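Beneath this line is the structure, given in structure tokens, with notes to follow.
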Amino acid sequence: MSEETTRHLVTLVVNGVVREAAVPARRLLSDFLRHDLGLTGTHVGCEHGVCGACTVLLDGEPVRSCLTFAVTVDGHEITTVEGLARDGEPSPVQRAFTECHGLQCGFCTPGFLCTVTAFLRDNPAPTEEEALEAVSGNLCRCTGYQNIIKAVHRAAEIQAETQVRPGDREGRA
Amino acid sequence: MTTKLFGEPVQRREDARLVTGQGRYLDDLGPGALAAAFVRSPHAHARIKDIDVSAALDVEGLVAVYTWEDLPGALAEPLPLLIPHPALTHGRTAYPLAKDIVRHVGEPVVMVVAADRYLAEDACALIEVEYEFLKPVVGVEEAAQGVHLVHEDVPGNVGAHLVQEVPSREGRSAAEAIDAAPNRLEFRLDIERSASMPLEGRGVYARWDADDGSLRVYSSTQTSTSVRMAVAAKLGLPLPKVEVIAPDVGGGFGVKIVHPWPEEILVPWAARTLGREVKWTEDRREHFVSSAHERAQVQHVRVGFDDEGHVLGLDVTILHDHGAYTPYGIIVPIITSTQLLGPYKIGAYRVEFSSIYTNTVQVTPYRGAGRPQGVFCMERTLDRVAAYLGKDRTEVRAANFIGPDEFPYDQGLIFQDGRPLVYDSGNYPESLRMLKELIGWDSFPEMKARAAAEGRRIGIGIGCYVEGTGVGPYEGGHVQVTSDGRVHVSTGLTSQGQGHETVFAQIAATELGVPIERVSVVTGDTRRFGYAVGTFASRAAVMSGNAIALACRKVREKALRIAADALEADPRDLEITDGIVHVAGTPSASIPLATVAVLSNPLRYAFDEETKRATQFSGTSAPDRPPVDEGEEPGLEGRDYYSPIRSTFASGMHAAIVETDPETAEITILRYAVVHDCGKLINPMIVEGQIHGGVAQGVGGALYEKMVYDEHGQLLNASFMDFLMPYATEVPRIETAHLETPSPLNPLGVKGAGEAGVIPVSAVIASAIEDAEGIPIDRMPISPSDLHTLRLRLAG
């Protein structure tokens with residue numbers, strides 16, 4: 001068995017559930033989530049860490065899963081877009097993106113949702129400037145970002161109204 | 001609540017799945033499928049001497065390796081030339097896998113199929129292709145000299161040459177009109193390459209059912225019906241044995257209208273040959289070098305005009321770089337040369353283009369599809385006319401506008417659909433008035449003076465366009481009401497984020513008088529609707545929207561007929577509200593649409609309480625008439641098509657205020673204003689979203705995006721690291737206002753909106769930078785270093 005195909009057991013908590021798979025050392029976290037665990041909500045737009053579509057929360061913090069090897073997150077906690085809703089109810093960020101028409105094709109959306117979820121957990125009442133900065137590492141080719149910025153503020157409002165911080169459940173390490 | 005949903009900002013029905021990770025894009029399908037990967041040419045122009053695959057054969061998980069020599073029958077022939085044109089005398093398309101010669105970096109040479117993508121790429125890396133280098137032809141002007149050839153049998157590298165000329169009303173040619181004009185200008189404009197660059201690349205997934213002898217193909221495409229026909233033809237399969245489905249598609253912007261891509265026929269062929277599911281998902285680098293680009297042109301302009309700024313004669317010569325192949329014909333330069341005229345009536349017009357081969361990625365439509373180049377040309381021209389005469393730029397535009405009472409207006413040219421370029425409706429003076437108010441055009445000089453007093457440079461710019469939308473030949477819609485009262489709508493064209501599931505449901509709910517929650521919409525699935533053209537040219541709302549409305553009207557008429565029988569009423573007295581057919585003014589005399597659906601299908605066998613009503617002893621059908629009357633069909637459903645005589649013509653005007661840094665030459669857009677007229681709005685929220693996205697892509701094209709080829713034909717910036725697309729920080733807040741001038745051509749009065757936002761942006765930004773700097777801007781994009789160089793040149 002070559003280095004390319006030798007498998008390593010990776011055990012981690014994804015969206016609150018313990019998951020396990022044996023994968024080659026070179027398997028990207030994005031491919032691991034999508035193809036080994038079947039969580040295809042995390043999308044891959046560039047595979048070189050620029051577009052941000054693959055952003056997931058690693059122990060509560062946004063990371064580019066296309067620049068992360070699955071074997072390096074053994075024992076950690078991951079939240080993907082599939083884990084943002086709670087009890088079948090969309091999270092404030094998910095609701096806000098829908099209300100504000102913050103998505104069109106939806107391909108980049110999971111990365112924005114994860115990024116904004118972590119951002120609003122740390123900064124529940126952002127200024128215009130802070131909200132812009134928060135999403136400025138993710139590419140969207142459809143929306144021109146207008147409604148994404150609106151959605152960040154709307155999500156902050158919903159979050160404040162419901163007194164539930166969307167990031168709380170990630171259990172930051 | 002039901003009924004009047006047309007025109008309302010209804011929230012999107014697509015979003016619930018897309019925000020929860022439940023969307024299904026191409027690569028999300030077929031978890032157990034084999035993976036395809038391609039060995040692509042690293043050279044821009046070379047002859048293949050030898051392909052040695054032996055080292056790859058030991059790769060674990062390798063299933064198959066294919067070169068051109070393995071391809072049978074029609075697969076071994078060049079790909080289709082999709083849109084032939086008499087002027088395209090030397091159309092050339094690629095082979096699915098290169099035969100003998102590669103003509104751009106990224107051309108596929110070998111296909112590998114393996115257990116997963118990692119292993120397939122391992123095998124690709126071990127395949128050795130020996131090349132003999134040929135001289136690469138790069139740059140449209142160098143190519144036009146014809147010293148070296150991209151295709152041996154295409155002299156001068158000229159794929160197509162087309163001249164269109166419209167004489168003035170007095171019968172003068174453009175040359176005569178220009179020569180006789182009191183004022184004349186002559187200049188050159190340069191437009192760089194960009195690309196659609198959807199966040200999801202291309203992808204194909206195929207399943208062969210050996211027992212059934214049938215093929216199901218999923219493709220991230222803008223036209224599933226046409227892919228289906230191409231796959232059936234290339235694989236020699238009967239059409240009914242092939243189905244093609246566009247799943248959720250992660251953006252298209254034009255590039256995914258091209259078909260069949262090599263991968264789109266090779267992957268299904270491999271699936272059938274191997275009897276296994278096979279999938280290929282394009283990676284970003286592949287997308288840069290093996291899909292398609294657009295925009296690149298060099299334009300030479302001569303214009304003659306009077307002292308009021310009326311254009312008396314305009315002569316434009318265009319060199320269009322169409323890359324290595326012409327699968328999409330010459331649609332892009334045709335659109336540039338016809339839509340160049342915008343909202344203006346000019347004296348005499350002559351336009352000539354040469355479409356030229358180069359050893360670069362092929363050029364096919366990208367959102368705007370040739371219009372941004374045409375608008376750049378016309379608007380830069382009018383700015384120069386205004387500057388020459390010392391007039392306000394909006395005054396010169398107004399002087400040339402087609403009047404609101406001059407429609408239909410015939411521009412005297414042949415448009416991209418092969419039909420006369422006749423504008424259906426518009427109100428350009430009102431658009432301009434609204435735009436000037438929105439941006440504060442008339443008070444800008446004071447603002448500029450105030451800024452200057454603070455040592456700041458600001459400028460204002462404007463750009464106007466007319467966009468032929470809703471191009472034919474046709475689309476269709478099918479609407480079925482089932483016995484549970486649900487309404488199932490399908491249309492053949494595809495969706496890539498435009499919200500079709502929502503707007504088509506709005507149309508159906510409004511036409512049928514049912515709650516929108518009961519309506520479901522399927523697009524781009526040939527199992528549901530086999531006849532379609534595709535999603536491009538801002539045509540979906542116009543074409544499928546109207547087809548669905550017409551199909552709904554058929555269903556409504558039938559429902560009223562059946563209900564009238566049941567209620568013993570006159571169908572003309574019936575209305576449908578909230579899914580219930582009732583006598584107008586007498587809500588008690590009513591019958592649910594669900595029951596009408598039951599009654600529409602005379603049954604022998606019941607399957608639930610409701611359907612008992614339609615069985616033969618229920619007494620619901622008249623014994624003296626056949627259960628299905630002559631001219632009737634069972635079921636409450638309707639199908640109709642919309643095929644317009646010609647395109648609709650949307651229009652718009654944009655203005656921007658920019659600031660240029662006197663030291664660093666950094667360019668900042670301070671304000672951006674849009675007045676947009678796409679006829680009746682179906683969903684204003686979605687239309688605004690389309691405009692926002694278009695403007696953002698326009699900002700990319702105006703300031704950042706270009707494909708940088710070196711003299712060897714290597715694309716130097718084939719990554720998101722180096723090809724700069726705007727992030728949120730680069731796109732200004734976009735202020736919008738809508739004018740609704742209905743189209744007289746279709747029942748809904750709509751025009752298209754998909755491409756609009758992108759079209760005038762480069763012209764607008766150039767206009768504003770020119771105003772701020774006082775330096776003529778004659779190319780796009782313009783970067784801070786470009787501006788810095790221009791300043792130095794002018795100072796020197």
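As the structure is a prediction and not an experimental result, all values here were calculated from the model. All values below come from the heavy atoms of this structure, side chains included, with hydrogens, waters and symmetry mates left out.
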By a 4.5 Å heavy-atom criterion (distance strictly below it), what part of [X] contacts chain A: side chain, backbone, both, or neither?
X      : answer
B/D28  : both
B/P9   : neither
B/E730 : neither
B/D116 : side chain
B/Y25  : side chain
B/I691 : neither
B/Q496 : backbone
B/S196 : backbone
B/R117 : neither

Side chain [X], main chain [Y], donor-acceptor under 3.5 Å:
X      : Y     : result
B/E200 : A/G45 : no
A/Q94  : B/V19 : yes
B/R12  : A/E99 : no

With rounding to the nearest 0.5 Å, note down the distance linking [atom1] in [X] to [atom2] in [Y].
X      : Y      : atom1 : atom2 : result
B/R733 : A/L132 : CZ    : CG    : 13.0 Å
A/C46  : B/H287 : SG    : NE2   : 12.5 Å
B/Q22  : A/T40  : CD    : OG1   : 7.5 Å
B/Y727 : A/S136 : OH    : OG    : 8.5 Å

Taking all heavy atoms of [X] and all of [Y], pick out the closest pair and write down the distance.
X      : Y      : answer
A/Q146 : B/I734 : OE1-N, 2.9 Å
B/G250 : A/F107 : CA-CB, 3.8 Å
B/A728 : A/V135 : CB-CG2, 4.0 Å
A/R141 : B/S194 : NH2-OG, 4.5 Å
A/T143 : B/H692 : O-CB, 3.2 Å

Just wondering, more than 12 heavy atoms not from B/R671 lying within 6.0 Å of its CZ?
-> yes
CD/A/E133: more than 12 non-hydrogen atoms of other groups inside 6.0 Å = no
Quick one, [X] and [Y] - any side-chain contact, counting heavy atoms below 4.5 Å?
X      : Y      : result
B/T20  : A/L84  : no
B/M685 : A/H101 : yes
B/D15  : A/F97  : no
B/D27  : A/H35  : yes
B/Y118 : A/L28  : yes

The ring pair (Phe, Tyr, Trp, His ring centres under 6.0 Å) partners of B/Y218 (sequence neighbours excluded) come to B/Y205
Can you sort out the partners of B/F504 under ring pair (Phe, Tyr, Trp, His ring centres under 6.0 Å), two or more places apart, ordered by chain and number?
-> B/H500
Among [options], which residue forms the greatest number of heavy-atom pairs with chain B at distances under 4.5 Å?
options                        : value
A/C108, A/G137, A/C105, A/P110 : A/C105
A/G52, A/P90, A/G106           : A/G106
A/H43, A/R34, A/R95            : A/R34

With chain A as the partner, which of [options] has the greatest number of non-hydrogen pairs under 4.5 Å?
options                : result
B/T729, B/V695, B/V699 : B/T729
B/S719, B/A696, B/P31  : B/S719
B/V731, B/L199, B/L18  : B/L199

Criterion side-chain contact (heavy atoms from CB on, under 4.5 Å) on B/E14 and A/Q104, from CA distance to verdict = CA-CA 9 Å; B/E14 292 85 344; A/Q104 291 181 23; over 6 Å; no
Identify which part of [X] has an atom lying under 4.5 Å from any heavy atom of chain B, answering side chain, backbone, both or neither.
X      : value
A/I148 : neither
A/H48  : both
A/L139 : both
A/R27  : both

Ionic contact status for A/R26 with B/D122, cut-off 4.0 Å = yes
Charged N to carboxylate O below 4.0 Å: is that the case for B/R17 and A/E82?
-> no
Step-by-step side-chain contact (heavy atoms from CB on, under 4.5 Å) determination, A/V44 to B/T281 = CA-CA 10 Å; A/V44 176; B/T281 306; over 6 Å; no
